[in-house]
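Here the structure is a predicted model, which means the values were calculated and not measured.
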Amino acid sequence: MNETLFRYPELEGDDPGGRRHKTIGAHLTEAGVITAEALSEGLALAQQAGIRIGRALVMLRHIGEPQLASVLSQQHAVPFHDHKVHPPDHAVARMISERQARAWRAIPVTLDGESVTVAMVDPSDTEALGHLEAALGKPAVPVIVTEGALEEMLEAVYQEEYTERSVRGLMMAAPHQSAYQVLSRRQKITFGLVVLVSLVWLALSPLSYGVALMTIATLFHVAFTVHRFYLIQRSMSHDLTIPVTREEVAALVDRDLPLYTILVPLYREAAVLPKLARGITSLDYPLAKLDVKLLLEADDQETIQAARALDLPPNFELVIVPTSMPKTKPKACNYGLIKARGEFVVIYDAEDIPDRDQLKKAVVAFAKSGDDMVCLQAKLNYYNRNQNVLTRWFTIEYSMWFDMFLPGLVASRAPIPLGGTSNHFRRDKLEELHAWDPFNVTEDADLGIRLYKAGYTTGMIDSTTFEEANSDVKNWIRQRSRWVKGYIQTWLVHMRSPLASCREMGLKAFLNFNLTVSGTFICFLINPFFWLLTILWFLTRWDVIQPLFPPSIYYLGLVNLVIGNFAIVYTSLAGLLRRGYTDLARYALITPFYWVLISIAAWKGFIQLFSNPFYWEKTVHGLYHETPAADHAEQQAAAG
């Protein structure tokens, strides 16, 4: 649905020639199509939301789009076009570009001698008609179609192009920023030389090689720990989110709010659809100003049928993403973005429960920020935190990451690896960046880095989206291995030309990027070796181990073992305190067992990067069978 839907001057009582006409509301009432009460309700909604009466009546379900278009056709002698009986001629449709068709809400359907019949949502839009005739070079004869019919015709004509843009848009525009290629030629040569030098060095002097390796690993681990502790310390005494008061939210007027697109990628999520629809419709944002796209994979007939069976509001659109490779969430989001109409765009996952006022907070935050503020990241947390030990650990980690660590990065003006959901974007800037990389399985983190390199900034808002924490170890490892694989992809992409990336980011931000992104996977890849060496030393006193750690490195490593582990537990407790989850404090003390799971997942993701780089490990949702609404309310209260 669009703000211009059924935007006829006659709806207000006057035709373009200035003659008085019966309003469409009066026409529908007298014809018995709607009641006087329905008309009154429609007028009230139109006034409140700042939309046309036609759209208001459709939103209230007093009439359907086809019914309204048919009445308008009869009343104003503009033919109604049935696109299923008379589909557009593809060659004629392409007489204007797809972007022009979307901008003007029109598509040429037939060429009739010296004129072109054009199906339009709003034939009274004289400006659009003027643009059409200029582009066509011929007179345009308008016919009426509904918004949904126009979308179906565009899909029929341009589906292949939509798929191509969704898959190859970034790769064609900026191939050096796409993860389509795991390693660039330069990286293959560099890593090959590193392996060759390592093998030669190991053969000639295994002890010095081992000492060098342990020294580098220890220094990196120390740097990663100090960096994380520093950022979280910056967050502890300050709220580093963009301040938005309740008064500012309350002062917003519905009719002045912008159209907001919600993209919801779904795959095998039939069971959560009713809950999802209820969650979106319960947001504190006028439903008439929401453009909701449910992104469904063409081969997922179960979810498609379940969505079609629901009585969804008129502004919910089922976007069927054609089957193509790679089959990833970012590709589906790219496909949905093509059809988005909102000034702002947000991504929600199927199981998400965002704070009701999150969209309004984002609108206020964008208004208070400069034009370079392109993205706002909401905080993420879990509504089933007390389900088992794993969900408690996961909640501890998320509380630290989103409430402490990411705000610290924002304060440091560093690149922000975005979370996978509740990212709010300015749509025009998102399109400018070619949106998400469909070949990167943590497309969110990658987009955050590309956004920074393009000179834009990311802020955080004090609003939380609650999700379902993974409660099954096997399912959790699948999810985390994908995240690790994606972080490695992101690091490799932006390290293809380290000097260029350093120039684009600046030295400080470049170092922040490396410690944040590479540290997230390198430390968990090397941890098992340190644990193994420590266990072997205490069990066997193997004389091979001690020479690997010269005194300076040994004591540095010992300090990092003690202070570093304390720092991680301490920062975890700080995240819980900020969130108000003090009941989880005792579980923070045993998080080393959680780190073992992360290392297992890290190695799984690392191996899969080379065996199946674009495979999307599907996370199974719906393992929590209680009612999340109550838990959500409890957690909101705990968070204050």
Scan the side chains in residues 512-519 for donor-acceptor partners under 3.5 Å anywhere in the protein, sequence neighbours excluded, and list what turns up.
residue, atom, partner, partner atom, Å
N512, OD1, H227, NE2, 2.6
N512, ND2, K508, O, 3.2
N514, OD1, W491, NE1, 2.8
N514, ND2, F510, O, 3.0
T516, OG1, N512, O, 2.8
S518, OG, N514, O, 2.2

Do [X] and [Y] pair up side chain to side chain, a donor and an acceptor below 3.5 Å, judged on atom types alone?
X	Y	value
H424	Q377	no
T465	Q358	yes
D352	T421	yes

Could you tell me which non-hydrogen atom of [X] sits nearest to which non-hydrogen atom of [Y], and how far apart they are?
X	Y	result
Y180	M171	CG-SD, 3.3 Å
L376	A365	CD1-CB, 3.6 Å
R392	R385	CG-O, 3.1 Å

- Query: According to the interplanar angle, ranging from 0 to 90°, do the rings of F394 and W476 count as parallel (below 30°), tilted (30 to 60°) or perpendicular (above 60°)?
  - Reply: perpendicular
- Query: According to the interplanar angle, ranging from 0 to 90°, do the rings of F530 and H221 count as parallel (below 30°), tilted (30 to 60°) or perpendicular (above 60°)?
  - Reply: perpendicular
- Task: Please determine which of W393, F402, Y398 meets the ring-ring contact (aromatic ring centres under 6.0 Å, His included) test together with Y382.
- Result: Y398
- Pairwise distance CZ(R426) to CG(L430) - rounded to 0.5 angstrom: 12.5 Å
- Point-to-point distance, once rounded to the nearest 0.5 Å, from CG of L597 to OG1 of T591: 11.5 Å
Under 3.5 Å, which donor-acceptor pairs link side chains of residues 566-573 to any protein atom two or more places apart or in another chain?
residue, atom, partner, partner atom, Å
T571, OG1, A567, O, 2.9
T571, OG1, I568, O, 3.0
S572, OG, I568, O, 2.8

Can you confirm whether [X] sits close enough to [Y] that some side-chain heavy atom of one is under 4.5 Å from a side-chain heavy atom of the other?
X	Y	answer
Y209	S198	yes
T442	P417	no
L276	L294	yes

- Task: For a side-chain hydrogen bond (donor to acceptor under 3.5 Å, both in side chains) with E617, tell me which candidate from Q608, R482, Q479 qualifies.
- Result: Q608
- Salt-bridge criterion met for D403 and R578 (N-O under 4.0 Å): no
- Query: Any Lys/Arg nitrogen of R450 or D437 sitting under 4.0 Å from an Asp/Glu carboxylate oxygen of the other?
  - Reply: no
